[in-house]
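Owing to the predicted nature of the structure, the values given are computational and were not obtained by experimental measurement. Reminder, nothing fancy here: chain letters follow the sequence lines and each chain counts from 1.
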There are 2 protein chains.
Amino acid sequence: MSACGEHDACTERALQWAEQICQEQGLRFTTLRRRVLEIIWADHAPTKAYDILAQLEQEHASAKPPTVYRALHFLLEHKLIHKLDSQNAYVGCSHPLEHEACYFLICKRCHVVVECCGRALDQAISDSAIAHNFSRQKTTLEISGECEACLQQ
Amino acid sequence: MSACGEHDACTERALQWAEQICQEQGLRFTTLRRRVLEIIWADHAPTKAYDILAQLEQEHASAKPPTVYRALHFLLEHKLIHKLDSQNAYVGCSHPLEHEACYFLICKRCHVVVECCGRALDQAISDSAIAHNFSRQKTTLEISGECEACLQQ
DNA sequence: AACATAGTTGTTACATTATAACATTACATA
DNA sequence: TATGTAATGTTATAATGTAACAACTATGTT
């Protein structure tokens, strides 16, 4: 479930990005928010809100659903995480400093999610919206299947 | 919310497709299933499960959540409807006889959903999956924004 | 230091979306 | 008509998410 070599580095990097982004934008990267982001980054699989809650509760007696959902809203708003609508689950954003539209490859076997932001695909989506005279505001693109590693087993 | 001229014709056509498909495949297109499909086809906006339930209850005293969800599962399984994951809502499939991968343009203002199945976009998605050595099994692509009609107002 | 204030967190309650599990009924066909 | 399968009825509960108000905390201002 790591797909990234040394996963600690991966988490570390994400937390530092978050720190930097919040600093730059005058946002408060509180202990709670940091901890939720850390839990989400524990691996590359999508994390469910109530699983986050279950973890938080162990360290933080007053954790309740709003505790988690508020942190999630904050992280989503500032693009530090994404919600996968097809799974009702959340993943860390793997390039919060360079946002365009993103899409996701979600492995059914190992649950690893890879975030892609290819120019070509983005262009194809835009073209299609334009062809229908549709003004595109938000795009949800989630592909589930099997990742390279799982296919090779 | 119609986006189709004479909407009755639209619903009528969908019900006949369903009838035909069920017949061909030896499936039972029961009153309940038919009625749920009809409710979904009442317009081109996504319909929520509990709104379907609210309608069914008025005509069918024993309707309960499982009543609706079973009908939805049946209709989904046989591709007579689609679920929009980004909205937790359901829309009629507008071309059940010719299935490829579909995507959706969802207008935030009038709620009309248009189902598209462009070859080019489908190809772009496939290419992208291939580039990541990912075997694509299911694709969720939902674009929300504003439709042509609403933009012109 | 005292205060004002805006943002964050605590707390309770509830809304929405969906499924499990088992009982009963309807339908097709031997 | 017996009989097996699929569909529906029924009760309960799981999973996901939000509203509303109270209490607290960080920060800047007098």
Side-chain angles (χ1 to χ4, degrees), chain A residues 18-19 21-40 45-78 80-91 140 142, chain B residues 18-19 21-40 45-78 80-91 140 142:
Chain A
E19 206 108 47
I21 286 167
C22 289
Q23 180 121 46
E24 282 169 11
Q25 302 184 30
L27 304 169
R28 284 158 66 181
F29 193 47
T30 63
T31 312
L32 213 44
R33 289 165 176 174
R34 182 190 179 83
R35 186 67 189 112
V36 169
L37 184 57
E38 210 168 74
I39 290 170
I40 289 173
T47 309
K48 297 266 179 178
Y50 276 75
D51 291 343
I52 296 172
L53 179 56
Q55 286 214 52
L56 263 191
E57 274 170 340
Q58 298 180 12
E59 341 168 328
H60 191 92
S62 72
K64 295 279 176 308
T67 315
V68 170
Y69 282 103
R70 283 167 183 156
L72 290 173
H73 289 319
F74 174 88
L75 297 169
L76 284 168
E77 189 178 355
H78 301 294
L80 299 168
I81 62 172
H82 298 285
K83 176 173 185 184
L84 301 183
D85 287 324
S86 65
Q87 328 258 320
N88 293 325
Y90 304 82
V91 285
T140 297
E142 301 168 19
Chain B
E19 207 108 44
I21 286 167
C22 289
Q23 180 122 46
E24 282 169 12
Q25 303 183 30
L27 304 169
R28 282 158 67 182
F29 192 47
T30 63
T31 312
L32 213 43
R33 289 166 177 175
R34 182 189 181 84
R35 185 66 189 114
V36 169
L37 183 57
E38 210 167 74
I39 290 170
I40 289 173
T47 308
K48 298 268 181 175
Y50 276 74
D51 291 343
I52 296 171
L53 179 55
Q55 285 214 52
L56 263 191
E57 273 170 341
Q58 299 180 12
E59 342 169 327
H60 191 92
S62 71
K64 296 278 177 309
T67 316
V68 170
Y69 282 102
R70 282 167 183 157
L72 291 173
H73 289 319
F74 173 87
L75 298 170
L76 285 168
E77 188 178 355
H78 301 293
L80 298 169
I81 62 172
H82 297 286
K83 177 174 184 185
L84 301 182
D85 286 323
S86 65
Q87 327 256 320
N88 294 324
Y90 304 83
V91 284
T140 297
E142 300 168 19

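- OP1 or OP2 of D/dG17 lies within a sub-4.0 Å distance of a side-chain N or O belonging to A/K83.
- Nearest nucleotide to the A/P65 side chain, out of C/dG10, D/dT18, C/dA18: D/dT18.
- Annotation for A/Y90 and A/I81: closest pair CD2-CD1, 4.2 Å, computed over non-hydrogen atoms.
- Here A/Y50 lies parallel enough and close enough to stack on the base of D/dT16, with planes under 30° and ring centres under 5.5 Å apart.
- Dashed line: the shortest gap from a side-chain N or O of A/T30 to OP1 or OP2 of C/dT9 is under 4.0 Å.
- For the pair A/L72 CG and D/dG17 P, the computed distance is 9 Å after rounding to whole Å.
- Put simply, A/K48 has a side-chain N or O that comes within less than 4.0 Å of OP1 or OP2 on D/dT16.
- Scanning atom types as modelled, no donor and acceptor separated by under 3.5 angstrom connect the side chain of A/R70 and the base of D/dG17.
- Whole-Å rounding puts the A/I52 CD1 to D/dA15 P distance at 16 Å.
- Heavy atoms from other residues, nucleotides or ligands lying under 6.0 Å from CD of A/E59 number more than 12.
- Between B/N88 and D/dT16, a side-chain N or O to OP1/OP2 separation shorter than 4.0 Å is absent.
- The distance between atom CG of B/L56 and atom P of D/dT10, rounded to the nearest whole Å, is 14 Å.
- Because its NZ or CZ atom is not both nearer than 6.0 Å to the ring centre of A/F29 and within 45° of the ring axis, A/R34 does not count as a cation-pi partner of that residue.
- Between A/R33 and the phosphate of C/dT9, there is a side-chain N or O to OP1/OP2 separation shorter than 4.0 Å.
- Side-chain nitrogen and oxygen atoms of A/H73 include none within less than 4.0 Å of the OP1 or OP2 phosphate oxygen of D/dG17.
- Judged by ring centres under 5.5 Å apart and planes tilted less than 30 degrees, B/Y69 fails to stack against the six-membered base ring of C/dT19.
- Between the C1' atom of C/dT9 and the CZ atom of A/F74 lies a distance of 14 Å, rounded to the nearest Å.
- Separating the CG atom of B/L27 from the P atom of C/dA28 is a distance of 13 Å, rounded to the nearest angstrom.
- Checking the phosphate oxygens (OP1, OP2) of D/dT16, no side-chain nitrogen or oxygen of A/Y90 falls inside 4.0 Å.
- B/R34 has its CZ atom 14 Å from the P atom of D/dT8, to the nearest Å.
- Remark: A/H60 is in phosphate contact with C/dG10, judged by side-chain N or O atoms under 4.0 Å from OP1 or OP2.
- Formation of a donor-acceptor pair under 3.5 Å by the B/R33 side chain with backbone atoms of B/R28 is found in this model.
- Here the P atom of nucleotide D/dG9 and the CG atom of B/L32 are 6 Å apart, to the nearest Å.
- B/E142 places a side-chain N or O within 3.5 Å of a backbone atom of B/D85 that can act as its donor or acceptor partner.
- As rounded to whole Å, 13 Å separates atom P of C/dT17 from atom CG of B/L84.
- Exactly one residue among A/L72, A/L75, A/N88 makes a side chain to side chain contact (heavy atoms under 4.5 Å, CB included) with A/K83. That residue is A/N88.
- Of all nucleotides listed (D/dA7, D/dG17, C/dT12), C/dT12 comes nearest to the side chain of A/P66.
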